[in-house]
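The block underneath contains the structure these notes are about, expressed in structure tokens.
Everything quoted here is computed from the prediction, not taken from an experiment. Whatever order the structure lists ligands and atoms in, that order sets their numbers, starting from 1. Heavy-atom basis, side chains included; hydrogens, waters and symmetry copies ignored. Throughout, residue positions are numbered sequentially from 1 according to the sequence presented.
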Amino acid sequence: MRKLRKPPLRILFVGSECTPLIKSGGLGDVVGALSKALARLGHEVQVVIPLYSAINRTTYPLTPTDMRLTARVGADLIEGRVWTVTLPKSAVPVIAIEQPELFDREGLYGTRGSDYSDNLRRFSFFSQAALEYIAQSGFYPDIIHVHDWQAALACAQLRHGAFRQEPWAANARLVYTIHNLAYQGLFSREQWSDTGLPDYLFGIDGLEFYGQINCLKGGLITSDSITTVSPTYAEEIQTPEEGCGLDGILRQRRDRLTGILNGIDIDEWNPRTDPHLAAHFSAGRLAGKAICRQALQRRCGLPERPDMLIGMVQRLAEQKGFDLVLKALDTLMHLPIQIAVLGTGDLIYQRQLQERAKQFPEKLSVNLVFDNALAHQIEGGADSFLMPSRFEPCGLNQMYSMRYGTVPIVRKVGGLADTVTDMTPETLADRSAMGFSFEPYTVPALIEAVQRALAVFQDPPVWMELIQNDMAQDFSWGRSAEAYISVYEQARARGA
Ligand code: ADP
């Protein structure tokens with residue numbers, strides 16, 4: 001544990017995912033890894049999540065407590081029960097709120113491509129229960145760090161709900177993190193009573209958004225500080241093009257908005273020890289990577305050719321640029337490359353990708369499942385990794401890729417712009433070159449970037465330089481955790 005310059009802070013995370021217990025994307029990774037990193041710096045951290053039936057109780061032995069949490073949602077008084085478990089490889093307690101009717105479901109937020117119709121009810125209960133937990137447990141935090149729309153109501157509920165007069169509530173500062181502005185938690189105004197909030201908050205200065213309820217907006221207007229997950233994204237979301245209708249508020253609150261790049265969990269993503277890999281490797285001993293490559297080709301049913309093997313692990317969502325990839329495929333499939341895709345999501349992309357995989361069985365492998373082991377195997381075995389995102393708040397896979405010596409090909413947006421330095425003669429000379437980036441969201445730009453990567457891949461000494469530059473990067477959470485502490489301190493100074 002590091003020595004603290006200031007007294008430790010008490011920090012409560014409220015979020016709907018926490019890796020490794022449960023995740024659907026980057027949000028879960030951040031909640032799990034940042035909470036651990038803050039605890040490692042000596043702070044007292046707890047994490048509150050819903051107890052989904054999808055959490056594996058054998059791997060994560062949750063223990064029931066006597067604590068019961070109740071919250072009024074619409075006309076109902078809903079009761080939940082607190083279970084606890086320690087976050088693996090840490091001393092961070094996870095408080096999991098059990099409410100079978102709301103959280104024993106097939107998916108986290110929906111199933112078969114559509115959201116659950118009672119999501120407002122589910123997450124209003126969760127947010128209120130998190131505050132109730134504070135009140136009952138006596139774990140009075142200096143900072144309540146709230147993540148994404150699913151937990152955002154907790155901010156408004158704290159400042160405008162039953163607890164607002166309590167000394168612990170007045171002392172707590174609220175930090176709200178936007179992991180992805182595109183997901184705002186929009187609901188019809190008829191459901192307002194489910195929020196547990198007073199009627200005066202349904203208005204333009206409150207949570208109203210073009211006649212609907214906007215949970216994320218509630219987080220933006222009631223928190224003391226706002227963060228998002230990369231400096232470039234923090235700028236982008238203040239523009240009408242990328243602000244998803246909330247750019248005005250974000251510009252108004254720009255003095256409270258900070259972009260902090262996510263780190264990655266370097267224990268979980270370590271090519272020296274990764275239990276999912278066929279062989280281990282490091283920057284100095286890369287022989288294992290060739291074994292991983294071969295194992296990946298076998299696993300994906302691709303012939304063992306020396307072609308450049310490109311990995312993609314993404315949600316199949318518009319954000320991730322699959323429309324570009326699908327349009328570029330006819331050209332790409334004529335190059336000496338293979339592509340291994342892992343992803344779940346929009347049916348339209350699933351269908352099209354499957355059809356294309358049938359058309360190019362020796363060149364395109366499509367795996368439509370959520371499979372953490374395969375995600376690791378793709379990072380370990382691929383030569384390069386493609387992320388042609390339309391927008392990308394931070395992105396984690398490009399950082400995993402670099403740690404695994406897998407050269408990223410990315411669109412230059414958001415966190416991808418902040419983490420991947422394009423290869424040019426200059427960046428190669430000063431050893432900052434990490435991969436290949438392209439700017440216009442167009443098929444020719446994507447194809448050109450892949451062709452540039454391919455040309456370098458066919459020049460092994462230069463490719464090796466890129467691999468070495470990539471594997472030398474430090475994407476651990478330490479630095480980001482310090483940046484969050486600064487935000488917490490600023491929020492405290494503001495509230496004092
Ligand atoms: P986002 O949060 O927008 O989904 P990120 O790149 O920030 O994107 O994080 C995605 C995370 O989810 C990564 O850890 C990635 O490996 C993982 N992931 C996404 N899809 C899958 C899948 N089908 N199987 C396994 N892991 C996945």
Side-chain angles (χ1 to χ4, degrees), residues 15-34 54 107-109 113 147-150 177-183 228-230 232-233 236-237 244 259-270 274 276-277 296 299-300 311-322 340-347 349-350 353-354 365-382 385-404 406 408-411 413-420 475 477 480:
S16 60
E17 303 179 18
C18 179
T19 304
L21 278 79
I22 189 82
K23 85 161 179 183
S24 73
L27 160 69
D29 287 330
V30 175
V31 170
L34 177 59
L108 300 191
Y109 313 124
H147 298 265
D148 266 357
W149 77 259
Q150 295 89 340
T177 295
I178 306 164
H179 294 267
N180 192 333
L181 192 62
Y183 299 93
T228 190
V229 291
S230 71
T232 296
Y233 193 60
E236 288 170 350
I237 57 178
C244 304
I260 303 174
L261 205 58
N262 286 336
I264 58 171
D265 187 331
I266 56 170
D267 299 326
E268 206 207 325
W269 295 91
N270 184 353
D274 191 329
H276 303 297
L277 298 186
L296 178 63
R299 167 79 170 73
C300 291
M312 290 187 80
V313 182
Q314 331 259 27
R315 284 181 295 113
L316 302 181
E318 198 196 342
Q319 173 197 341
K320 300 293 180 180
F322 280 100
V341 180
L342 171 63
T344 54
D346 293 359
L347 291 177
Y349 297 126
Q350 294 199 24
L353 283 165
Q354 258 168 337
S365 163
V366 171
N367 305 273
L368 302 175
V369 285
F370 196 93
D371 184 339
N372 187 43
L374 183 54
H376 283 247
Q377 287 152 7
I378 290 178
E379 293 293 6
F385 196 91
L386 179 60
M387 295 180 77
S389 305
R390 192 180 284 269
F391 67 93
E392 194 58 75
C394 176
L396 296 170
N397 280 301
Q398 78 279 17
M399 295 189 267
Y400 302 151
S401 297
M402 290 190 259
R403 192 158 159 75
Y404 283 64
T406 302
I409 305 170
V410 303
R411 175 145 183 267
V413 281
L416 298 172
D418 291 332
T419 48
V420 179
F475 293 117
W477 267 102
S480 307

Check your understanding: Mind checking what makes side chain to side chain contact (heavy atoms under 4.5 Å, CB included) contact with Q354, not counting sequence neighbours?
Key ->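 With sequence neighbours excluded, Q354 shows a side chain to side chain contact (heavy atoms under 4.5 Å, CB included) to L368, given in chain and number order.
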So for [X], does at least one of its heavy atoms come nearer than 4.0 angstrom to any atom of ligand 1?
X: G343; result: yes
X: E379; result: no
X: N180; result: no

Is it true that the side chains of [X] and [Y] contain a donor and an acceptor less than 3.5 Å apart?
X: Y400; Y: D265; value: no
X: D371; Y: Q377; value: no
X: S24; Y: E17; value: yes

Review point. Quick one: does D418's side chain have a donor or acceptor within less than 3.5 Å of a partner on T232's backbone?
Key: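 Judged by distance alone, yes, a pair lies under 3.5 Å.
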Practice item. Enumerate the atoms of ligand 1 whose separation from the nearest heavy atom of Y400 is less than 4.0 angstrom. Key: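 Numbered from 1, ligand 1 contributes 13 (C), 14 (O).
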Check your understanding: Which ligand 1 atoms does R315 reach within 4.0 Å, using its non-hydrogen atoms?
Key ->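 Listed by number with element, the hits are 1 (P), 3 (O), 4 (O).
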Point to revise | Contacts of type side chain to side chain donor-acceptor pair (under 3.5 Å), residue T228, not counting sequence neighbours | key: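 T228 satisfies side chain to side chain donor-acceptor pair (under 3.5 Å) with no other residue.
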Exercise for review: Indicate the ring-plane relationship of H376 and Y404, choosing parallel, tilted or perpendicular according to the 30° and 60° boundaries.
Suggested key: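 Perpendicular, since the angle between the ring planes exceeds 60°.
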For [atom], find the nearest protein heavy atom and state the residue, atom name and distance (0.1 Å precision).
atom: atom 21 (C) of ligand 1; value: F370 CE1, 3.4 Å
atom: atom 9 (O) of ligand 1; value: G26 N, 3.4 Å
atom: atom 6 (O) of ligand 1; value: L396 N, 3.0 Å
atom: atom 15 (C) of ligand 1; value: N397 ND2, 3.4 Å
atom: atom 17 (C) of ligand 1; value: K23 NZ, 3.8 Å

Practice item. For ligand 1, find out whether one of its N or O atoms is nearer than 3.5 Å to an N or O atom of L27. Key: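 Between L27 and ligand 1 (N or O atoms, distance only) the closest approach is not under 3.5 Å.
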Review point. Evaluating non-hydrogen atoms only, which member of K320, Q314, E392 is closest to atom 8 (O) of ligand 1?
Key: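 Shortest heavy-atom distance from atom 8 (O) of ligand 1: K320.
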Review point. Which option out of D371, D29, L316 puts a heavy atom nearest to atom 11 (C) of ligand 1?
Key: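 Result: the heavy atom closest to atom 11 (C) of ligand 1 is in D29.
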Check your understanding: Are E379 and R403 ion-paired here, with the side-chain N under 4.0 Å from a carboxylate O?
Key ->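 Between R403 and E379 there is no salt bridge, as every charged N stays at least 4.0 Å from the carboxylate O atoms.
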Exercise for review: In plain terms, say whether R390 and E318 are close enough for a salt bridge, that is, a side-chain N and a carboxylate O under 4.0 Å apart.
Suggested key: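 The answer is yes: the pair qualifies as a salt bridge.
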For ligand 1, is any non-hydrogen atom under 4.0 Å from [X]'s backbone (N, CA, C, O), its side chain (CB onward), both, or neither?
X: V313; value: side chain
X: H179; value: neither
X: V369; value: backbone

**Study point:** Pairwise side-chain contact, D29 with N262, heavy-atom cut-off 4.5 Å (strictly under)
**Key:**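 They are not in side-chain contact.
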